[in-house]
Number of protein chains: 2
Amino acid sequence: MNLRRDIFQAIADPTRRAILLLVASQSMTAGGIAANFDTARPTVSKHLRILTECELLEQKKNGREIYYHLNPKKMKEIADFIEPFRKMWDERFNKLEAIMKKYKKK
Amino acid sequence: MNLRRDIFQAIADPTRRAILLLVASQSMTAGGIAANFDTARPTVSKHLRILTECELLEQKKNGREIYYHLNPKKMKEIADFIEPFRKMWDERFNKLEAIMKKYKKK
DNA sequence: CATTTATGTAGCCATTTGCCTACGAATACT
DNA sequence: AGTATTCGTAGGCAAATGGCTACATAAATG
């Protein structure tokens with residue numbers, strides 16, 4: 001399981017999306033994360049590796065435990081992709097944009 | 001090439017993301033879309049099928065031509081996934097939210 | 001120091017993916 | 001009618017994916 005390591009590929013797997021949501025609020029150990037899934041621990045470990053390699057997650061070692069936490073900057077890259085489409089459905093967004101323009105002028 | 005047809009899987013492929021961006025501003029025919037890529041036309045056709053099956057694209061037949069156009073509602077589903085993470089990087093978003101609250105109160 | 005605990009890695013396997021070359025179906029053109 | 005054009009589908013293939021069972025490594029624990 002190598003090659004093709006980009007955020008979109010990473011996000012494509014349901015388990016990996018679940019991991020991201022799980023770690024969003026607080027950092028968790030590899031084991032703690034794995035405990036939330038039915039798949040074998042090494043399988044989750046592989047998912048963590050993929051998420052880490054594409055920098056959606058970051059590690060922080062603490063003794064023999066490894067904590068994983070989200071990297072918001074990388075999450076933003078996904079948002080950036082859909083941003084051009086946003087105006088196509090979100091009127092509220094346009095309204096806010098308009099307000100923001102006024103706000104900046106002041 | 002069957003099974004597992006969801007937006008995230010669809011978005012995972014670079015060619016398919018390019019197609020979405022291409023069709024964003026205007027609807028295009030299958031051939032017109034394929035002309036923008038180096039891959040064989042049937043390959044692009046398959047990508048179009050996948051995007052259509054997961055409802056990111058919609059077809060509109062016109063004679064022997066088939067026009068593809070974006071379905072913003074489905075694009076929003078991707079945005080919905082990252083929405084919970086947005087506050088982690090976008091201060092501007094928070095600022096706008098604050099302003100919006102005031103705005104609504106009036 | 002031997003043992004348990006927390007993780008990652010190796011290697012194997014079935015399934016899925018993306019791509020290509022025919023080929024088929026339907027509509028337009030002469 | 002016969003031919004050209006626009007598309008989708010079938011089938012085959014190499015590579016990637018996700019999962020599992022050992023096994024390796026490294027840090028706590030008794």
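Proteins get letters first, then strands, A, B, ... in listed order; numbering begins at 1 in each. On a predicted model such as this, the values are computed, not experimentally measured, just so you know.
- Within the structure, no pair that satisfies the ring pair (Phe, Tyr, Trp, His ring centres under 6.0 Å) test touches residues 55-74 of chain A, not counting sequence neighbours.
- Between A/Q59 and C/dT7, a side-chain N or O to OP1/OP2 separation shorter than 4.0 Å is absent.
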Going through the distances and angles, do A/R16 and A/I11 end up as a side chain to side chain contact (heavy atoms under 4.5 Å, CB included)? CA-CA 6 Å; A/R16 288 198 287 267; A/I11 287 292; over 6 Å; no
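- Atom-to-atom, CD1 of A/I50 to C1' of D/dG19 comes out at 12 Å; the value is rounded to the nearest Å.
- The side chain of A/H47 lies closest to D/dG19, out of D/dG8, D/dG19, C/dG8.
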So which protein N/O to nucleotides 24-28 of chain C N/O distances come out below 3.5 Å?
| from | atom 1 | to | atom 2 | distance (Å) |
| --- | --- | --- | --- | --- |
| C/dT27 | O3' | B/R64 | N | 3.4 |
| C/dT27 | O2 | B/R64 | NH1 | 3.3 |

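- Comparing D/dC7, C/dG8, C/dA22 by their nearest atom to the side chain of A/I66 picks out C/dG8.
- Rounded to whole Å, the distance from CG on B/L57 to C1' on D/dC7 is 15 Å.
- The backbone N or O of B/E58 lies less than 3.5 Å from no partner atom in the side chain of B/N71, so there is not a single donor-acceptor pair.
- Overall bending of the helix from C/dC1-D/dG30 to C/dT30-D/dA1, expressed as the angle between end axes built from five pairs apiece, is 10° (10° steps).
- The OH atom of A/Y67 sits 8 Å away from the P atom of C/dT7 (whole-angstrom rounding).
- Remark: B/D13 CG to A/F8 CZ distance equals 11.5 Å, nearest 0.5 Å.
- Put simply, A/S45 has a side-chain N or O that comes within less than 4.0 Å of OP1 or OP2 on C/dG8.
- Nucleotide C/dT7 holds its P atom 15 Å from the CZ atom of A/F37, rounded to whole Å.
- Contact annotation: B/Q9 side-chain N/O to C/dT17 OP1/OP2 distance is under 4.0 Å.
- Computed from coordinates, the A/D13 CG to C/dT15 P distance equals 18 Å when rounded to whole Å.
- For D/dG19, the base has a donor-acceptor partner in the side chain of A/K46 [N/O atoms by modelled type, under 3.5 angstrom].
- Judged as a salt bridge (charged side-chain N to carboxylate O under 4.0 Å, His left out), and not counting sequence neighbours, the contacts of B/E53 are B/R5, B/R49.
- A/F85 is listed as a side-chain neighbour of B/L20, based on a closest heavy-atom distance under 4.5 Å.
- Residue B/A30 places its side chain closer to D/dG8 than to any other of D/dG8, C/dT7, D/dC20.
- Under the 4.5 Å side-chain heavy-atom criterion for grouping Ile, Leu, Val, Met, Phe, Trp and Tyr, A/I82 is not connected to B/I50 through any hydrophobic cluster.
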Show every donor-acceptor pair shorter than 3.5 Å between a side-chain atom in residues 28-45 of chain A and any protein atom, with sequence neighbours excluded, or say none if there are none.
| from | atom 1 | to | atom 2 | distance (Å) |
| --- | --- | --- | --- | --- |
| A/T29 | OG1 | A/G32 | N | 3.0 |
| A/N36 | ND2 | A/G32 | O | 2.9 |

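- Pairs engaging residues 80-89 of chain A under the salt bridge (charged side-chain N to carboxylate O under 4.0 Å, His left out) rule: A/K76-A/D80, A/E83-A/R86, A/E83-B/R86, A/R86-A/D90, A/R86-B/E83 [sequence neighbours left out].
- Atom-to-atom, CG of B/L48 to C1' of C/dT17 comes out at 16 Å; the value is rounded to the nearest Å.
- Distances shorter than 4.0 Å separate some side-chain N or O of B/R49 from OP1 or OP2 on D/dT9.
- At whole-Å resolution of the value, CD1 in B/I19 and C1' in C/dG18 are 12 Å apart.
- Annotation: the span from A/K74 atom NZ to A/L57 atom CG amounts to 12.5 Å, rounded to 0.5 Å.
- At whole-Å resolution of the value, CZ in B/F8 and P in D/dT17 are 18 Å apart.
- For B/T39, the side-chain atoms get nearest to C/dC19 when compared with the rest of C/dG18, C/dG8, C/dC19.
- Of the listed nucleotides (D/dG8, C/dT21, C/dG18), C/dT21 has the atom at the smallest distance from the side chain of B/A40.
- OP1 or OP2 of D/dG8 lies within a sub-4.0 Å distance of a side-chain N or O belonging to B/Y68.
- Regarding contacts with the backbone of C/dG18, every side-chain N or O of B/T43 stays at 4.0 angstrom or more from both OP1 and OP2.
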